[in-house]
Amino acid sequence: MIAVIDYGAGNLMSVKNALDYIGADSVITADRRIIKSATHVILPGVGSFGDAMKSMEKRGLTDTIREAAISGKPFLGICLGLQLLFESSEESGGVKGLALLPGKIVKIPSNMGLKVPHIGWNSVSVKQSKGIFADIPDDSYFYFVHSFYLDSADENVVAGTTHYGVEIQCAVQKNNLCATQFHPEKSGKTGLKLLQNFLDMEG
C-alpha cells in the first residue's frame, strides 16, 4: 500500500488519480501509523517551502517523514516534495528543510528573458538509468511548474537534469530515496512509467 502524505500542501488528487490509473493501492493520509506501515511513501507538494515545513511540524509529521525517507522503503518526493528533502531554500530564508540530502534550493534567474515560474514540458537528461528512470529514454519530456530549483546537490545523487536558462537538477535518487522536480502524474505515459518504476522498487 502506498501512502500519499497529506500535510496540507500537496496536489494530492492528481497523484492519487495517476496511481489509480496504473492499478496501485494508495491512500491519502496524515496518519503516522499508516505512513509507517506503508510499503511505499509519496511526498507531493505545491506552494511555498516555509509554509510546507510549518504545516508538517504543526501536524507532527516531520519526524515521521524523515523516518520513512531513511527507512529503506521506496520514497518519492514530487515538485516541492523534492525541495523539502534538502537543507534550505531561498524562498523562505531561515527555514530549515528536512536535510535528508545535501544541497540548497535557489530561485530561477529572472534576467534571462524566460518566464518565471517555469511552466511546461522540458526534456530531461537521464543521469541514472536504473530505479525511477528504468527503461525511460534519455531526453524524455516531463511537465514542470516551479520557480525554485535544486542547485549544488551531490552529483552522485542527481538522477536527471534539465535546462531552463540554467542547468536544473530536476531528479535525485539515493538508494530507495528519490524525488523529481517535475510532475510525473501530469507527464503522460512517460510519467506513468516513472510512477510504475517507483512501485516496482522494493524496500
Side-chain angles (χ1 to χ4, degrees), residues 2 4-22 26 28 41-56 65 75-86 88-92 95 97-98 101 103-127 132-133 136 139-153 158-173 178-198:
I2 305 148
V4 181
I5 298 176
D6 178 9
Y7 58 96
N11 190 12
L12 303 175
M13 284 311 302
S14 61
V15 175
K16 180 74 166 63
N17 289 340
L19 293 171
D20 289 347
Y21 186 84
I22 59 178
S26 66
I28 295 172
V41 175
I42 296 179
L43 179 67
V46 294
S48 81
F49 188 96
D51 287 346
M53 288 303 305
K54 289 177 184 177
S55 182
M56 280 184 203
I65 292 170
F75 184 103
L76 175 65
I78 296 175
C79 196
L80 182 61
L82 174 145
Q83 298 179 12
L84 295 169
L85 300 180
F86 291 87
S88 64
S89 173
E90 288 182 354
E91 184 177 19
S92 305
V95 177
L98 295 169
L101 294 170
K104 59 183 179 179
I105 307 301
V106 298
K107 188 170 178 59
I108 296 174
S110 57
N111 59 353
M112 296 185 174
L114 297 171
K115 291 182 179 180
V116 179
H118 167 212
I119 301 175
W121 296 82
N122 258 38
S123 63
V124 171
S125 175
V126 175
K127 306 299 181 184
I132 56 173
F133 283 110
I136 292 178
D139 294 328
S140 291
Y141 278 77
F142 293 90
Y143 188 77
F144 290 80
V145 183
H146 64 120
S147 298
F148 294 82
Y149 71 99
L150 171 63
D151 180 46
S152 299
V158 176
T161 61
T162 192
H163 198 84
Y164 191 73
V166 293
E167 184 179 72
I168 291 171
Q169 296 168 334
C170 64
V172 295
Q173 185 165 260
C178 45
T180 64
Q181 181 62 67
F182 54 81
H183 288 270
E185 78 281 7
K186 297 181 178 179
S187 297
K189 291 182 179 179
T190 307
L192 293 176
K193 172 60 178 170
L194 187 145
L195 289 174
Q196 185 63 59
N197 286 342
F198 171 69

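Sequential numbering from 1 along the given sequence is applied to the chain's residues. Computed over heavy atoms, backbone and side chain alike; hydrogens, waters and symmetry mates excluded.
- Pairs of residues two or more places apart, or lying in two chains, that qualify as side-chain hydrogen bond (donor to acceptor under 3.5 Å, both in side chains) and include a residue from residues 189-198 are Lys193-Asn197, Gln196-Asp200.
- Across all non-hydrogen atoms, the minimal contact from Ser92 to Gly50 is OG-N, 2.8 Å.
- When all heavy atoms are compared, the tightest approach of Lys186 to Ser14 is CE-OG, 4.2 Å.
- A pairwise comparison of heavy atoms in Phe198 and Cys178 identifies CD1-SG, 4.1 Å as the closest pair.
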Trace of the side-chain contact (heavy atoms from CB on, under 4.5 Å) decision for Leu84 with Met53: CA-CA 8 Å; Leu84 295 169; Met53 288 303 305; 3.8 Å; yes

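- Contact of the Glu167 side chain with the Asp151 side chain is not registered, since no non-hydrogen atoms from C-beta on lie closer than 4.5 Å.
- Annotation: side chain of His163 is not in contact with side chain of Asn122 (no heavy-atom distance under 4.5 Å).
- Phe133 and Phe142 have perpendicular rings, their planes meeting at more than 60° on a 0 to 90° scale where under 30° would count as parallel.
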Criterion side-chain contact (heavy atoms from CB on, under 4.5 Å) on Ser26 and Asp20, from CA distance to verdict: CA-CA 8 Å; Ser26 66; Asp20 289 347; 4.1 Å; yes

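- Closest non-hydrogen pair, Phe144 versus Cys170, comes out as CE2-CB, 3.8 Å.
- You'll find the ring centres of Tyr143 and Phe182 outside the 6.0 Å limit.
- Residues satisfying the ring pair (Phe, Tyr, Trp, His ring centres under 6.0 Å) test with His183, not counting sequence neighbours, are none.
- The shortest non-hydrogen separation linking Lys127 to Val158 is CB-O, 3.4 Å.
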Leu76/Leu195 under side-chain contact (heavy atoms from CB on, under 4.5 Å): CA gap, chis, key distance, verdict: CA-CA 9 Å; Leu76 175 65; Leu195 289 174; 3.9 Å; yes

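- Heavy-atom minimum distance, Leu80 versus Val46: CD2-O, 3.7 Å.
- A donor-acceptor distance shorter than 3.5 angstrom exists from the side chain of Glu90 to the backbone of Lys107, with no hydrogens or angles considered.
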Trace of the side-chain contact (heavy atoms from CB on, under 4.5 Å) decision for His146 with Ile108: CA-CA 9 Å; His146 64 120; Ile108 296 174; 3.7 Å; yes

